[in-house]
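Excluded from the calculations below are hydrogen atoms, water molecules and symmetry mates; all remaining heavy atoms, backbone and side chain alike, are included. Both counts, for ligands and for their atoms, begin at 1 and track the order of listing.
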Amino acid sequence: MSALRVAIVGAGPAGAYAAEHLLRAGNEIEIELIDRLPTPWGLVRAGVSPDHQDTKAVTRNFEEIVASPQITLRLGVEVGRDVSHEELLAHHHAVLYTVGAPGGRRLGVDGEDLPGSFTATDFVGWYNGHPDHQDLPVDLGTERAVIVGNGNVAFDVARMLTLPADVLAATDISDTALAALRESRVREVVVLARRGPAQAAFTSPELLALMALPGVDVTVEPASALDEEVATPRAGDARGYGRSVSLGLLRELAAREPSGAERRIVLRFLGSPVALHGEDRVTAITIGRNELETGMDGRTVVRPTGDEEQLETGLVLKAIGYHGRAVPGVPFDEAAGVIPNDGGRVTETDGAQVPGVYVSGWIKRGPSGVIGTNKHCAGDTVEALLADHAAGHLAAPTGDGAAFAALLGERVATVVDLDGWQALDAHERAGGAAQGRPRVKVTDVEQMLAVVSGG
Ligand code: NAP
């Protein structure tokens, strides 16, 4: 019997873990790990905060996984542009999409698209050297930044805006962002949550990290939010993720006297953005005050009190969650931002299974959970894929690996393989070593390909 051929599209954590699970199933499996960028590791490279190098160390496991002779790395190949979904399926028994959720959600308020208002997704990509976000017109010449949402992404961004430049300079932050942050005039970062402390989306370790920032006062406003009676903890959310944050820590913060430090982070609760204002760029945000009530489903929801307040700000960052993007030729649920699926088996919107097509990671279950969550998620999907193969439900491909390589050769000038990625990785690390940093990222696709080609 010929080997089971699987294409995994998306070389982030979900893709790497899916490959690992497939490898465990035996050596009669060939895997092609595809990504549209010339670099692998998805959000570990371009999402995890530069000051969290310990978290980024998970890429060492990923490097070991892709070193398997059963895996062919094909980076710089975009499905839907260079090769169609149908062509991919014609060359593999199964295609497993692990493309994540690359877009930021929208608020739907007036002024949202003014210059100076960005999604945190774009902003994080900017400071993390993602080639798509290097031209983001970030202007840090404002005293106050407002971050909407209080999940862990909001906290990542709050730290990046307040960490001393010398600390950032020892990380793999992009050089563009480092230069801008060195000149930053931001002195106050407001992290705006529509609900109360008991429903906070950030986790306690991230709050502790914020509290430990050098030269930064962290305050809680309004302190009365900690007395709210309607306080169903977040762990009880219908979405079933997240832990309720330690209210004790927040009380400790609320009781602290500000030290008069140069920078300040304000954890602001019970406030929703109503509108952004400005002529040519954002100059202010209107915040509507909320009170809590328990909804029909037991979830704590907000009710506007009608009170509003305006805050001056030149930078608004929307950290209200990520949103998936459709892959041409593959079903997509636009409202949820995911590929519809039943336990990882892709379905049409009417629930009928699409043979040979699978999903894992954020494009399967939505943008929640930590890196390790993707390991279990990929395990479930791979189990379904292998069961379908064993049951004879996967059509044999009409083209083999050589035919697929030939097809890509006609369409893509430089397909980056494992050697190519290792050359780029070594180049970045060498640049970093010279500056006492983990790496200096190449942030432009053409320059990446030049390094790969030995230029
Ligand atoms: P998140 O945890 O889902 O937080 C989203 C935040 O946006 C919540 O505060 C939410 O409020 C708010 N929000 C949503 N819609 C809004 C609206 N229309 N108006 C105002 N606020 C709105 O998402 P995330 O921060 O993007 O993180 C994604 C996942 O990655 C999470 O599981 C997170 O823990 C994980 N992550 C982990 C780390 C880490 O471990 N260090 C770092 C980064 C990310 P409600 O709660 O009221 O909906």
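- Results of the side chain to side chain contact (heavy atoms under 4.5 Å, CB included) test with K364 over L96, T98, D380, V99 single out D380 as the only residue that passes.
- Looking at G372, G151, G369, S49, it is G369 that brings a heavy atom closest to atom 31 (C) of ligand 1.
- At a heavy-atom distance under 4.0 Å, no atom of A193 approaches ligand 1.
- Using a cut-off of 4.0 Å between Lys/Arg side-chain N and Asp/Glu carboxylate O, E32 and R74 are scored as salt-bridged.
- Near V153, meaning under 4.0 Å from any of its heavy atoms, are these atoms of ligand 1: 24 (P), 25 (O), 26 (O), 27 (O), 43 (C), 44 (C).
- Checked against a 3.5 angstrom limit, the closest N/O atoms of P273 and ligand 1 fall outside it.
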Before you tell me yes or no, could you show the steps for L161 and F123 under side-chain contact (heavy atoms from CB on, under 4.5 Å), namely the whole-Å CA-CA distance, both residues' side-chain angles and the distance that decides it to 0.1 Å? CA-CA 11 Å; L161 286 170; F123 191 70; 3.9 Å; yes
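- Atoms of ligand 1 found under 4.0 Å from any heavy atom of A201, numbered from 1 in the order shown, are 2 (O), 4 (O), 8 (C), 9 (O).
- Taking the charged nitrogens against the carboxylate oxygens, D132 and R36 do have a contact shorter than 4.0 Å, which makes a salt bridge.
- With a heavy-atom cut-off of 4.0 Å, L192 does not touch ligand 1 at all.
- Look at R106 and D113 and you find a salt bridge, because one of the NZ, NE, NH1 or NH2 atoms lies within 4.0 Å of a carboxylate O, short of that distance.
- At a heavy-atom distance under 4.0 Å, no atom of P205 approaches ligand 1.
- Between E309 and R268 there is a salt bridge, since at least one side-chain N of the basic residue sits less than 4.0 Å from a carboxylate O of the acidic one.
- With a 4.0 Å cut-off on non-hydrogen atoms, D156 touches ligand 1 through its side chain and not its backbone.
- Between F202 and N152 the shortest heavy-atom distance is CA-OD1, 3.3 Å.
- Of the residues listed (V157, N150, V148, V146), the one engaging V191 in a side chain to side chain contact (heavy atoms under 4.5 Å, CB included) is N150, and it is the only one.
- By the 3.5 Å distance cut-off applied to N or O atoms, S368 is not counted among the residues near ligand 1.
- Ligand 1 places these atoms under 4.0 Å from at least one heavy atom of N152: 25 (O), 34 (O), 36 (N), 37 (C), 38 (C), 39 (C), 40 (O), 42 (C), 43 (C), 44 (C).
- Between atom 9 (O) of ligand 1 and the options T373, N150, I371, the minimum heavy-atom separation is to N150.
- Separating the CD atom in E428 from the CZ atom in R437 is a distance of 10.5 Å, to the nearest 0.5 Å.
- With no hydrogens or angles considered, no side-chain donor-acceptor pair links E20 and N61 at under 3.5 Å.
- Distances below 4.0 Å separate heavy atoms of P367 from the following atoms of ligand 1: 28 (C), 29 (C).
- For ligand 1, the atoms lying closer than 4.0 Å to a non-hydrogen atom of R195 are 45 (P), 46 (O), 47 (O).
- Of the N or O atoms in E206, one or more lie within a sub-3.5 Å distance of an N or O in ligand 1.
- For Y97 and H85, the gap between ring centers is short of 6.0 Å.
- For Y322, no nitrogen or oxygen atom sits less than 3.5 Å from a nitrogen or oxygen atom of ligand 1, counting backbone and side chain alike.
- At under 3.5 Å, not a single nitrogen or oxygen of W362, backbone or side chain, sits near a nitrogen or oxygen of ligand 1.
- Ring pair Y17/F62 is perpendicular by interplanar angle, where above 60° counts as perpendicular and below 30° as parallel.
- Near R105, meaning under 4.0 Å from any of its heavy atoms, are these atoms of ligand 1: 14 (C), 15 (N).
- Near A319, meaning under 4.0 Å from one of its heavy atoms, ligand 1 places the atoms 5 (C), 6 (C), 7 (O).
- Counting the atoms of ligand 1 from 1 in the order shown, those under 4.0 Å from a heavy atom of L107 are 17 (C), 18 (N), 19 (N).
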